[in-house]
Amino acid sequence: MCRMFAYYGSSWSKVEELFNCLSRSAEVAPYFNNSSHKDGWGFVIVTRDKIIHYRSGRPIFEDTLPIKLNDQEMIAVFHARQASAGNPIGSQFSHPYLEVNQNGSIFLAHNGSVDKERLLKEVSMNSEYVVDSELALKFISRFKDLYEGVEVLKGYTKSALNLFLVNISRLGEAELYYLNYVSPSHWDRVKSGRTNASPNYYDLYINSEDGDAVFSSTLSYYCSELGERKAEYSRLTKLGERMKLVQ
């Protein structure tokens, strides 16, 4: 399970505010049995002339933001990880994941779980020392159409498929997307109290001050000033504008 946020805008102070909220929410997650999201963290930031991809094996709440940028148009995705039982841990397994194919580059951050065994067969990987989110991205990247890939991936969802995706075409156009989805069978277990997660756990929220941000429910819990407007459910949705990278 994981905590995360995505941002499109031009305010570095807004990114820092969201980072601080993420760090606080990762130390104690009130909507998931007060657990700690200590198994690494990472981010990707895309500006017109930079792509900065950072992954750490340290807990985010024991770490500091290693960069500082000037205000400028940017796409940012940050993620703090709590590894599921039996999954590998380390900086190489921290989100966001990156996959490069004939269409361009895709970064993915994910909260929830998908069927690891089925996806291993789909993407023809022999190693089981992988994370389900990594397999989800490999699966999505096989599709020419991102919407189609995500829609098919829903059928492999065991709990939630909360996604942030940064899609960068080979023509140098970057777009940010989010998905808020919970499998119907898992949602039934959540509502009946048969999981550790509260009904609020998988919600994503939106804040549109100083840019557009989408973030996990516990960020709103710790930073009420971010607001409590729920993000659209079940449909892959673009956040912000298309960014043209310098060629």
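The shortest distance between side-chain heavy atoms of Thr237 and Val214 does not fall below 4.5 Å. Residues His110 and Val131 form no side-chain contact, since every pair of their non-hydrogen atoms from C-beta on lies 4.5 Å or further apart. When side chains are defined from C-beta on, Asn111 does not count as touching Gln82, because their heavy atoms never get closer than 4.5 Å. No side-chain heavy atom of Ser11 sits less than 4.5 Å from a side-chain heavy atom of Glu17. In this structure, Arg48 and Gln72 have side chains that are not in contact, with every pair of non-hydrogen atoms separated by 4.5 Å or more. Looking at heavy atoms from C-beta onward, Asn103 lies in side-chain contact with Lys144 at the 4.5 angstrom threshold. Residues Glu122 and Leu135 have side chains not in contact (no heavy-atom distance under 4.5 Å, counting atoms from C-beta outward). Counting heavy atoms from C-beta outward, Tyr181 and Leu163 have side chains that stay 4.5 Å or more apart.
Going from atom OH of Tyr202 over to atom OG of Ser159 covers 4.0 Å, rounded to the nearest 0.5 Å. Ser169 OG to Lys244 NZ: the interatomic distance, rounded to the nearest 0.5 Å, is 6.5 Å. Residue Leu146 holds its CG atom at 6.0 Å from OH of Tyr177, rounded to the nearest 0.5 Å. Distance check, rounded to the nearest 0.5 Å: NZ of Lys138 to CG of Asn101 gives 10.5 Å. Distance NZ/Lys154 to OG/Ser183: 12.0 Å, rounded to 0.5 Å. For the atom pair CD of Gln247 and CD of Glu173, the computed distance is 8.5 Å after rounding to the nearest 0.5 Å.
Summarising the geometry of Asn180 relative to Ala231, their closest heavy-atom pair is OD1-O, 4.3 Å, with the distance given to 0.1 Å. Taking each heavy atom of Asp132 and Ser113 in turn, the nearest pair found is OD2-CA, 3.2 Å. Here the closest non-hydrogen pair linking Gln92 and Arg55 is O-NH2, 2.7 Å. Of all heavy-atom pairs spanning Phe107 and Pro96, the tightest one is CB-CB, 4.4 Å. The two residues Cys223 and Arg24 come nearest to each other via the heavy atoms SG-NH1, 3.9 Å. Contact between Met243 and Val46 at its shortest, heavy atoms only, is CE-O, 3.5 Å.
Val130 and Ile89 fall into different hydrophobic clusters, where Ile, Leu, Val, Met, Phe, Trp and Tyr are joined by side-chain heavy atoms under 4.5 Å apart, directly or via other members. When the side chains of ILVMFWY residues are joined at heavy-atom separations under 4.5 Å, either directly or via intervening members, Leu69 and Leu22 end up in a single hydrophobic cluster. Under the 4.5 Å side-chain heavy-atom criterion for Ile, Leu, Val, Met, Phe, Trp and Tyr, Met125 and Val152 are members of the same hydrophobic cluster.
No more than 12 heavy atoms of other residues, nucleotides or ligands sit less than 6.0 Å from atom NZ of Lys230. Sparse packing is recorded around CG of Asn70, with 12 or fewer heavy atoms of other residues, nucleotides or ligands lying under 6.0 Å away. Glu241 CD: 12 or fewer foreign heavy atoms inside a 6.0 Å radius.
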*Let me see the working for Leu219 and Tyr205 under side-chain contact (heavy atoms from CB on, under 4.5 Å), right down to the final yes or no.*
CA-CA 9 Å; Leu219 273 74; Tyr205 291 91; over 6 Å; no

*Start with the C-alpha gap between Ile206 and Tyr178, add the side-chain angles, then the distance that decides, and say whether side-chain contact (heavy atoms from CB on, under 4.5 Å) holds.*
CA-CA 11 Å; Ile206 291 182; Tyr178 69 86; 3.6 Å; yes

_Set out, in order, the CA-CA distance, both residues' side-chain angles and the distance that settles side-chain contact (heavy atoms from CB on, under 4.5 Å) for Val77 and Met4, then state yes or no._
CA-CA 7 Å; Val77 170; Met4 57 187 188; 5.8 Å; no

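Side-chain contact check for Glu99 and Tyr97: no donor-acceptor pair (N or O, by modelled atom type) lies under 3.5 Å. Using modelled atom types, one finds a donor on one side chain and an acceptor on the other under 3.5 Å when comparing Lys14 with Asn207. Counting only N and O atoms by type, the side chains of Thr218 and Arg3 include a donor and acceptor under 3.5 Å apart.
Under a 4.0 Å N-O distance rule, the pair Glu16/Lys68 qualifies as a salt bridge.
When ring centroids are compared, Phe164 and His79 stay outside the 6.0 Å threshold. Aromatic ring centroids of Phe93 and Tyr129 lie under 6.0 Å apart.
No side-chain donor-acceptor contact under 3.5 Å links Asn167 to the backbone of Ile106.
The side-chain tip of Arg118 points at the ring of Tyr156 from less than 6.0 angstrom away and within 45° of straight on.
Tested against Phe43, the residues Tyr7, Tyr54, Phe5, Phe19 include a single ring-ring contact (aromatic ring centres under 6.0 Å, His included) partner, Tyr54. The only option from Leu239, Leu176, Leu179, Leu108 that meets the side-chain contact (heavy atoms from CB on, under 4.5 Å) definition with Leu165 turns out to be Leu108.
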